Amino acid sequence: LLASSKSRTNLFKYAGPADYAAFQQNLPENSLYINFARNKNDLFIWTADQKYRKTFTVENGYSSFLKAVSDYSIASASGKDLGNISKEMAKILQPVYPMLKDKKMILISTDSETEKIPFEIIGDTEMISDKSLIAYIPSLLICSYTGNAISREVYLPDTENSVMYNLGRVAIRESGI
């Protein structure tokens, strides 16, 4: 979760232990923190609200999401309805979905393998993003880091003369980084 291939930084050597109880106490009312990580073909999920912490393993969840992400890309590119994909994704997350559907805010943290999954479209009758505020956040362990040894540079993986490099520089400038 804390190793970044983009910034070439292993944040484990900078992060201290996360105070999970303090984090839970600071969660907004009626919110849920949910972390997704790939474990081979499975999804490992852990959740927290102000009172409870739970962990789940969804067998073949990652491989099932790969198909759903592919279907989502095709459907959204052609302007088709995403309802069936949304329902399929809710089925994949069956152990966790009941916890998601009535929350006012959902804080989602992913690893590099699960970040491409559009969690905001999950839903059985309506997408969770239609009724909950969704925020994607980095790992909790990053919150415990207080030093300044992490590079503040942004790495652009293309050559200086490429279109992607220039677009990336514009995006960085416009984002305020």
Side-chain angles (χ1 to χ4, degrees), residues 1-9 11 28 30-47 56-140 142 153-177:
L1 291 175
L2 293 176
S4 172
S5 61
K6 293 176 183 158
S7 67
R8 300 182 191 146
T9 303
L11 297 177
N30 196 23
S31 67
L32 179 73
Y33 169 78
I34 184 164
N35 189 296
F36 294 93
R38 177 184 180 190
N39 182 12
K40 298 184 182 176
N41 288 325
D42 303 337
L43 276 180
F44 182 66
I45 302 166
W46 56 100
T47 64
F56 304 89
T57 300
V58 179
E59 290 185 24
N60 294 311
Y62 181 75
S63 24
S64 298
F65 265 121
L66 285 181
K67 180 180 178 340
V69 167
S70 174
D71 293 346
Y72 167 76
S73 296
I74 293 166
S76 62
S78 61
K80 293 184 180 175
D81 179 55
L82 302 175
N84 288 336
I85 298 165
S86 185
K87 288 176 186 173
E88 182 60 31
M89 292 174 80
K91 281 184 198 171
I92 296 168
L93 287 182
Q94 184 53 40
V96 180
Y97 182 69
M99 297 172 67
L100 295 172
K101 65 184 199 173
D102 294 322
K103 294 298 182 183
K104 192 173 189 178
M105 174 186 270
I106 301 169
L107 304 165
I108 298 173
S109 181
T110 63
D111 66 2
S112 60
E113 298 289 329
T114 58
E115 69 184 2
K116 61 187 162 264
I117 299 170
F119 294 105
E120 65 276 2
I121 73 158
I122 294 169
D124 49 10
T125 56
E126 62 182 322
M127 297 179 190
I128 60 169
S129 60
D130 290 340
K131 52 189 171 179
S132 302
L133 177 63
I134 307 292
Y136 284 86
I137 62 172
S139 171
L140 291 181
I142 195 74
E153 296 176 10
V154 175
Y155 173 69
L156 298 171
D158 273 301
T159 62
E160 260 186 65
N161 298 333
S162 75
V163 172
M164 290 307 294
Y165 178 86
N166 289 318
L167 285 173
R169 289 188 53 84
V170 169
I172 291 166
R173 183 188 70 231
E174 293 300 315
S175 71
I177 297 176

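Since the structure is predicted, the reported quantities are computational estimates derived from the model, not experimental observations.
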Once you round to the nearest 0.5 Å, how far does [atom1] of [X] lie from [atom2] of [Y]?
| X | Y | atom1 | atom2 | value |
| --- | --- | --- | --- | --- |
| Ile106 | Asn30 | CD1 | CG | 9.5 Å |
| Ile122 | Ile117 | CD1 | CD1 | 8.0 Å |
| Ile85 | Ile74 | CD1 | CD1 | 8.5 Å |
| Leu107 | Thr47 | CG | OG1 | 12.0 Å |
| Ser132 | Asp102 | OG | CG | 8.0 Å |
| Thr110 | Asn35 | OG1 | CG | 7.5 Å |

Without hydrogens or angle criteria, can the side chains of Glu120 and Tyr136 be said to hold a donor-acceptor pair below 3.5 Å? yes
State, to 0.1 Å, how close [X] and [Y] come at their nearest heavy-atom pair, and which atoms those are.
| X | Y | answer |
| --- | --- | --- |
| Pro28 | Met105 | CG-SD, 3.7 Å |
| Ile92 | Ala68 | CD1-CB, 4.4 Å |
| Asp111 | Arg38 | OD2-N, 2.8 Å |
| Val58 | Pro95 | CG2-CG, 4.2 Å |

Tell me if the CD atom of Glu59 is crowded by more than 12 foreign heavy atoms within 6.0 Å. no
Around atom NZ of Lys80, are there more than 12 heavy atoms from other residues, nucleotides or ligands closer than 6.0 Å? no
Is the backbone N or O of [Y] less than 3.5 Å from a side-chain atom of [X], with the two atoms forming a donor-acceptor pair by type?
| X | Y | value |
| --- | --- | --- |
| Ser78 | Ala75 | yes |
| Ser73 | Val69 | yes |
| Asp124 | Ala90 | no |

Measuring only between side-chain heavy atoms, which start at C-beta, is [X] closer than 4.5 Å to [Y]?
| X | Y | value |
| --- | --- | --- |
| Leu66 | Glu113 | no |
| Met99 | Ile34 | no |
| Leu43 | Thr114 | yes |
| Leu93 | Phe56 | no |

Just grab all the side-chain hydrogen bond (donor to acceptor under 3.5 Å, both in side chains) pairs involving residues 83-92, residues at least two apart or on different chains. none
Output every pair passing ring pair (Phe, Tyr, Trp, His ring centres under 6.0 Å) with a member in residues 69-122, not counting sequence neighbours, ordered by first then second residue. Phe36-Phe119, Phe65-Phe119
